[in-house]
Q: 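Please see the structure below; I have some questions.
Everything numeric in this text was worked out from a predicted model, so none of it was measured. Each chain gets a letter, A, B and so on, in the order its sequence line appears, and its residues count up from 1.
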Amino acid sequence: MHIVILGNGIAGITAARHIRKLSDHRITVISGESDYFFSRPALMYIYMGHMKKEHTEPYERWFWKKNRIELHKGWVEQVVPEKKRLIFADGSEMHYDKLLLATGSRPNKFGWPGQDLDGVHGFYSLQDLEAIEYHSKNLQQAVIVGGGLIGIELAEMFRSRNIPVIFLVREKSYWDMVLPPEESEMINRHIREHHIDLRLETELKEIWGDEQGKAKMVVTSKGDKIRCGFVGLTAGVHPNVDFLRLSSLEIDRGILVDEYLQTNIEDIYAAGDCVQLRKPPAGRRPIEAVWYVGRMMGETAAYNLCGQARKYEPGTWFNSAKFLDIEYQVYGQLTAHIPEEQATIYWEHSKEKKSLRIAYDKRTRAVKGFLSMGLRLRHLQCEAWIQSETPVDKVLQNLKAANFDPEFFPDWSKEPAKLI
Amino acid sequence: MNGIQKTGIALFLLAFLVFTMSLSLSNFILDAKVAGQQFDDYQRPFVLSALRQMEGRSYSRVFSFMRDYDRALKVAQEAIAQDVKNNLGLTPSDGAYWSKILKDDKIKSSHFPVTKASAQGFLPENSRLFFWLSIGLGVLGGLMFILPMRRLPEGIKNNGIYHSSLHARGILGIALGIWLIAFYVLLYFYPEYLVNWAIMVDPLSRFLNGGEASQWFLYGFLYTLAILVMGLRMMIKYRHNNYQLLRTGSVMFFQLCFAFLLPQIMTLLHLPSADLKNIWPLDYSFFFEYRIKHLLSSGYFGLFLLVWGVVLIVVAVPVLTYFFGKRWYCSWVCGCGGLAETMGDPFRQLSSKKLIAWKIERWLIHGVLVFAVVMTALVLYTYFSGQSRMLFLDSYQVRHWYGVLIGSIFAGVVGTGFYPLMGNRVWCRFGCPLAAYLGLVQRFKSRFRITTNGGQCISCGNCSTYCEMGIDVRWYAQRGENIVRASCVGCGICAAVCPRGVLKLENSGEVRFAEE
Ligand SMILES: Cc1cc2nc3c(=O)[nH]c(=O)nc-3n(C[C@H](O)[C@H](O)[C@H](O)COP(=O)(O)OP(=O)(O)OC[C@H]3O[C@@H](n4cnc5c(N)ncnc54)[C@H](O)[C@@H]3O)c2cc1C
Ligand code: SF4
């Protein structure tokens, strides 16, 4: 059997590895972006000079041959389920017996005037990175639009080369749909300390170009005009599915799949950013464009592709990021929106940028979530507490067990308990 | 980089240039008295008469000075050989024959003191000035570059490393590598070319141990200085990280006090001098008979040193490694580790992470361990039996080759010279027999491990890239596996650079976590 995987990101590659563990099927992985799997979240480090591209590749080159995973570079333009065929941009075709779609995301563009000018870019792919590198030469001013995780990474990248950055954020405070007010405010402060010109409640209105069609000026919703040589569009991503819309696949915002990650067509599955779950598990969203979800879905899809039915069960939500120098971790659904029946305990270090928020159910006192800034929590411990609905009081007493900071770091684990 | 830092770099480069050029700023007129002192009463007249033709001649280069000196000593050597045969009537089968003839080794070891005593002219006359213009100015420039780093926000600042020629094996990195390799070749094999530097540190040597500076004093001094200055850099770079602060403070302390000052003080007090933290088989000559005899003849203190050394090997290494992993030594105490963690830190990313490198590493390092054990076994066999041959092996030959191949070429020339080419732990990773021993304990019987934080890894590769030992940390981290590897020196940098807080060094054995 020939299993073809479209997309060599974390979802596609995890699937390929597990299919190889489970079976002897022929495996082909296709991507138009790069020959080899690399870590997308590491793109920023290539720009900043922490690593070279090759360091972001989790497997050495021999790995693919040894595991008989064929890599094929090329852009697929069309999927024809009726003939079990893929048609490439160069006109060539490929037959599959089973297909996994793991096509990832694309940066959002909201129809801003000037969004397709030269020097206006999203930040998602290697090609985007190359363009950003190209435009960085002699760059006097960069403007970044959209206050999410990728926007702040792009700002950090430019700052690492001392390029002035203006950061336009629509919300009242940085990432405040996700971060509760105190945490969000901490990040606002931190952004400014890094000499990033953070402009809150400010949207992009239009981008003006010069005669050569190159971006030269940004106009904001507040009427400010900002002269700039580069505009980064980082207002979120959406599933990369447009090229599939003409096929018989059922697609809404993403490729619709059941709990076995199967699409409406037999023998076609989907995993990763491009997926929209028809029935997401409790506490999870239908589209979750994060690395870990891609990895878990990839593994689940491998089982299903190999004929071993397995439901996608992602467990307790977790995520992490780094805002410049501040690490962020979250376990459980703990965001800016605290449900009616829950309350939170918030501890913040008096001097340093460290904080911990713990959410719990007001009635049962069962712990619901953890959100930390500037410190490290033990994943399995937090997850175990959440899953076993441990009372928050007990959690506070034993918080040391969840401290994952390096040795000799000042121990904060006694502090939150003092707050109640 | 601000103005102070740029000035600092300029001053450092100037100092570096002065330092390098200063090697050529002497001329040499044979000091026959010192030359005579290098040989015993029997050999001295032959040597002095052969050297007569050099007297009063001024040489502008070490090379030509040494050429004539060696020619003269060849003549002396032959004259002595003739005399031993004809007048003393000894033949190679007589034991006394070997103590009378003039051996090549002896000539070689006279090179440095004779050249040093014979140096004259601009540099020796202005040695203090040059000390300050080179070493002093270099330290000043270095500090001016390093100290302002405090003003950057705390956190991981590896910006630009792979854009830097020096740090990413570009022209500058290769040039520095060549400079360091040349330095080590001269230091170990042709120290007579480095006498000007030794002259610059003579006052310090006299102050500390009452004697003239040998090449080893010079080396120890530069080594310690490098660890202190670059240790400061390390501490500023990781000032948000207590583990790094303590660890760096520890290697600086052990280098300054244990490796550098204490042995000088012991010498000053006429005690046998020793680096109390150096452990066999890294200290490969620990069981050589001249050292054992020396210790045994030095009263209680000598006996203490002998017992101390043995206790380190058989008790301290296994017990401490069981509880803390090999890091207690390699990245907290050891001098080689100390240099790697300080001066070598800017080059840590250059170690190869390839699987093939790991394979080579395991063969090499365990090969050296076997070599060291066999060599030492032969030494002890010779010590107790008086025989130098066992099977087909000659005890003296084996230890000679160990010294040249492992002690000098591997540990020195390759180990440090290759910092800018293959990373800062070439010796520790591929060669050090003590690291191999510690590693075996760590791999099979230790509570130390690097634990992985559930599923948080994003496979970014920072941990692997900045692992000086070339461990592909990510390989384990992305599968949620703990890392238990013989080579891990527990520097903790993987945990520091990980942007998602995935890694933690722990002494806890298997990690437990409260289920409730
Ligand atoms: C800058 C950046 C930082 C991020 N940081 C984090 C982070 O810190 N933590 C986190 O959890 N998530 C992070 N993410 C999100 C994370 O990278 C994605 O969720 C993840 O990479 C998605 O993996 P995937 O396998 O689904 O898709 P992708 O990695 O996008 O892989 C899909 C591949 O398929 C190829 N492809 C698509 N269509 C075609 C076609 N028609 N023909 C040929 N090839 C095709 C694409 O070119 C691409 O190479 C980040 C994303 C970005 C852009
Ligand atoms: S640095 Fe951290 S996130 Fe990156 S690969 Fe290593 S363990 Fe994973």
Side-chain angles (χ1 to χ4, degrees), chain A residues 10 37-42 45-46 48-52 54-60 62-63 160-161 190 193-194 291-292 295-296 315 318-322 324-327 329 331 352 372 375-385 388 390 394 398 401-402 404-410, chain B residues 1 152-164 167-168 240-247 349 353-356 451-462 464-466 472 474-475 478 480 490 492 495-507 511-516:
Chain A
I10 179 67
F37 169 49
F38 65 94
S39 170
R40 197 171 296 291
Y45 300 111
I46 303 177
M48 298 202 298
H50 295 207
M51 289 188 278
K52 295 209 274 188
E54 71 215 45
H55 299 111
T56 68
E57 292 172 4
Y59 299 96
E60 280 183 64
W62 52 259
F63 180 85
S160 77
R161 298 197 189 172
H190 190 57
E193 274 166 13
H194 275 260
W291 183 261
Y292 316 110
R295 197 174 57 206
M296 288 187 277
F318 67 95
N319 197 9
S320 62
K322 192 171 179 185
L324 301 153
D325 297 318
I326 303 180
E327 287 173 24
Q329 296 186 343
Y331 301 97
E352 290 164 45
S372 69
L375 41 94
R376 295 174 173 181
L377 298 172
R378 202 180 281 275
H379 183 171
L380 298 183
Q381 182 65 72
C382 294
E383 189 180 75
W385 277 331
S388 62
T390 306
K394 205 158 181 188
N398 293 317
F404 201 72
D405 274 350
E407 295 153 296
F408 302 113
F409 273 44
Chain B
M1 220 191 297
L152 290 175
E154 290 179 10
I156 300 304
K157 296 286 173 289
N158 287 331
N159 295 343
I161 287 186
Y162 273 99
H163 305 146
S164 147
H167 301 117
H240 58 288
N241 186 317
N242 283 354
Y243 183 72
Q244 299 304 330
L245 288 176
L246 283 169
R247 188 174 72 79
Q349 65 281 358
K353 314 303 177 316
K354 296 207 170 98
L355 189 66
I356 181 84
T451 53
T452 297
N453 204 10
Q456 286 283 22
C457 176
I458 50 170
S459 300
C460 69
N462 274 298
S464 297
T465 305
Y466 287 91
D472 192 357
R474 167 175 55 193
W475 178 271
Q478 64 193 357
V497 297
C498 173
R500 295 295 178 272
V502 176
L503 304 162
K504 180 166 160 70
L505 281 60
E506 301 197 62
N507 295 322
V511 190
R512 308 134 287 154
F513 63 96
E515 274 295 338
E516 265 195 282

Q: Given the options A/Pro406, A/Ala321, A/Cys382, A/Pro41, which has more heavy-atom pairs under 4.5 Å with chain B than any of the others?
A: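 Top option by heavy-atom pairs under 4.5 Å: A/Ala321.
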Q: Looking only at heavy atoms and a cut-off of under 4.5 Å, which of B/Asn462, B/Leu246, B/Ile161, B/Leu505 has the most pairs with chain A?
A: B/Asn462
Q: Sort out for me which of B/Gln478, B/Lys504, B/Lys354 touches chain A most, counting heavy-atom pairs under 4.5 Å.
A: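 Counting heavy-atom pairs under 4.5 Å, the top option is B/Lys504.
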Q: Measure A/Glu57 against the heavy atoms of chain B and call it side chain, backbone, both or neither at under 4.5 Å.
A: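 Contact with chain B involves the backbone of A/Glu57 alone.
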Q: Side chain from CB out, backbone as N, CA, C, O: work out which of these in B/Ser464 comes under 4.5 Å of a heavy atom of chain A, or both, or neither.
A: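 Neither part.
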Q: Output all residues satisfying ring-ring contact (aromatic ring centres under 6.0 Å, His included) with B/Tyr243, sequence neighbours left out; order by chain, then residue number.
A: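 Partners of B/Tyr243 by the ring-ring contact (aromatic ring centres under 6.0 Å, His included) criterion, ordered by chain and then number, come out as B/Trp332.
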Q: Mind ranking B/Gly492, B/Gly155, B/Ala495 by heavy-atom pairs under 4.5 Å with chain A and telling me who comes out on top?
A: B/Ala495
Q: For the interface with chain B, which of A/Pro410, A/Ala42, A/Ser320 has the highest count of heavy-atom pairs at distances below 4.5 Å?
A: A/Ser320
Q: Working to the nearest 0.5 Å, report the span between OG1 of B/Thr451 and CG of B/Leu503.
A: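 Reported to 0.5 Å precision, the distance equals 8.0 Å.
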Q: So do A/Arg376 and A/Phe409 actually touch side chain to side chain, heavy atoms under 4.5 Å?
A: no
Q: Using non-hydrogen atoms only, which part of A/Phe38 is less than 4.5 Å away from chain B: side chain, backbone, both, or neither?
A: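 For A/Phe38, no heavy atom lies under 4.5 Å from chain B.
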Q: Which answer fits B/Ala168, side chain, backbone, both or neither, if we ask what part of it has an atom under 4.5 Å from a heavy atom of chain A?
A: neither
Q: Identify which part of B/His167 has an atom lying under 4.5 Å from any heavy atom of chain A, answering side chain, backbone, both or neither.
A: neither
Q: Given heavy-atom pairs under 4.5 angstrom as the criterion, report whether the side chain, backbone, both or neither of B/Val497 touches chain A.
A: neither
Q: Please state whether the side chain, the backbone, both or neither of A/His190 comes within less than 4.5 Å of a heavy atom of chain B.
A: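 Interface part for A/His190: neither.
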Q: Checking A/Glu60 against chain B: side chain, backbone, both or neither under 4.5 Å from a heavy atom?
A: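 The side chain, not the backbone.
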Q: Counting only heavy atoms closer than 4.5 Å, note whether A/Leu377 contacts chain B via side chain, backbone, both or neither.
A: backbone
Q: If you round to the nearest 0.5 Å, how far is NE2 of A/His55 from NZ of A/Lys52?
A: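 Between atom NZ of A/Lys52 and atom NE2 of A/His55 there are 6.5 Å.
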Q: To the nearest 0.5 Å, what is the distance between CD on A/Glu193 and CG on A/Leu324?
A: 9.5 Å
Q: Identify which of B/Arg474, B/His163, B/Gln349 forms the greatest number of heavy-atom pairs closer than 4.5 Å to chain A.
A: B/Arg474
Q: side-chain contact (heavy atoms from CB on, under 4.5 Å) for B/Thr452 and A/His379? Distances and angles first, verdict last.
A: CA-CA 9 Å; B/Thr452 297; A/His379 183 171; over 6 Å; no
Q: Tell me which of these, B/Gly455, B/Gly480, B/Ala496, has more heavy-atom pairs under 4.5 Å with chain A than the rest.
A: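 Most pairs with chain A among the choices: B/Gly455.
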Q: Please check: side-chain N/O of B/Asn241 versus main-chain N/O of B/Gln244, any donor-acceptor pairing under 3.5 Å?
A: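 Side chain of B/Asn241 to backbone of B/Gln244: a pair is present.
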Q: Counting only N and O atoms by type, is there a donor-acceptor contact under 3.5 Å from the side chain of A/Ser388 to the main-chain atoms of A/Ala384?
A: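 Here the side-chain-to-backbone pair exists.
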Q: Run the side chain to side chain donor-acceptor pair (under 3.5 Å) test on A/Tyr331 and A/Gln381 for me, step by step, so that the C-alpha distance in whole Å, both residues' side-chain angles and the decisive distance to 0.1 Å come before the verdict.
A: CA-CA 10 Å; A/Tyr331 301 97; A/Gln381 182 65 72; over 6 Å; no
Q: With a 4.5 Å cut-off on heavy-atom pairs, point out which of A/Asn319, A/Ile10, A/Leu375 contacts chain B the most.
A: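 Sorted descending by pairs with chain B, the first entry is A/Asn319.
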Q: Passes side-chain contact (heavy atoms from CB on, under 4.5 Å), B/His240 versus A/Asp325? Steps please.
A: CA-CA 11 Å; B/His240 58 288; A/Asp325 297 318; over 6 Å; no
Q: Between A/Glu407, A/Lys322, A/Met48, which has the largest tally of heavy atom pairs under 4.5 Å with chain B?
A: A/Glu407
Q: Side chain, backbone, both or neither: which part of B/Ile458 has a non-hydrogen atom closer than 4.5 Å to chain A?
A: both
Q: If every non-hydrogen atom of A/Gly49 is compared with every non-hydrogen atom of B/Tyr466, which pair is closest and at what distance?
A: O-OH, 4.4 Å
Q: For chain A, find which of B/Gly461, B/Gly454, B/Cys460 contributes the most heavy-atom pairs closer than 4.5 angstrom.
A: B/Cys460
Q: Can you find a heavy atom in the side chain of B/Ile356 that is under 4.5 Å from one in the side chain of A/Trp62?
A: no
Q: Nearest 0.5 Å please: distance from the OH atom of B/Tyr162 over to the CD atom of A/Glu54.
A: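 Rounded to the nearest 0.5 Å, the OH-CD separation comes out at 7.5 Å.
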Q: What pairs with A/His50 under ring-ring contact (aromatic ring centres under 6.0 Å, His included), at least two apart in sequence or on another chain?
A: A/Tyr45
Q: For A/Phe37, is it the side chain, the backbone, both or neither that has a heavy atom under 4.5 Å from a heavy atom of chain B?
A: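 Interface part for A/Phe37: neither.
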Q: Given that the side chain runs from C-beta out, which part of B/Leu355 has a heavy atom under 4.5 Å from chain A: side chain, backbone, both or neither?
A: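 Both backbone and side chain of B/Leu355 come within 4.5 Å of chain A.
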Q: Using heavy-atom distances under 4.5 Å, tell me whether A/Arg40 contacts chain B through its side chain, its backbone, both, or neither.
A: neither
Q: At a heavy-atom separation under 4.5 Å, does A/Phe404 approach chain B through its side chain, its backbone, both, or neither?
A: both
Q: Return the CG to CZ distance between B/Asn242 and A/Phe408, rounded to the nearest 0.5 Å.
A: 9.0 Å
Q: Which atoms of A/Ile46 come close to chain B, meaning under 4.5 Å heavy atom to heavy atom: side chain ones, backbone ones, both, or neither?
A: backbone
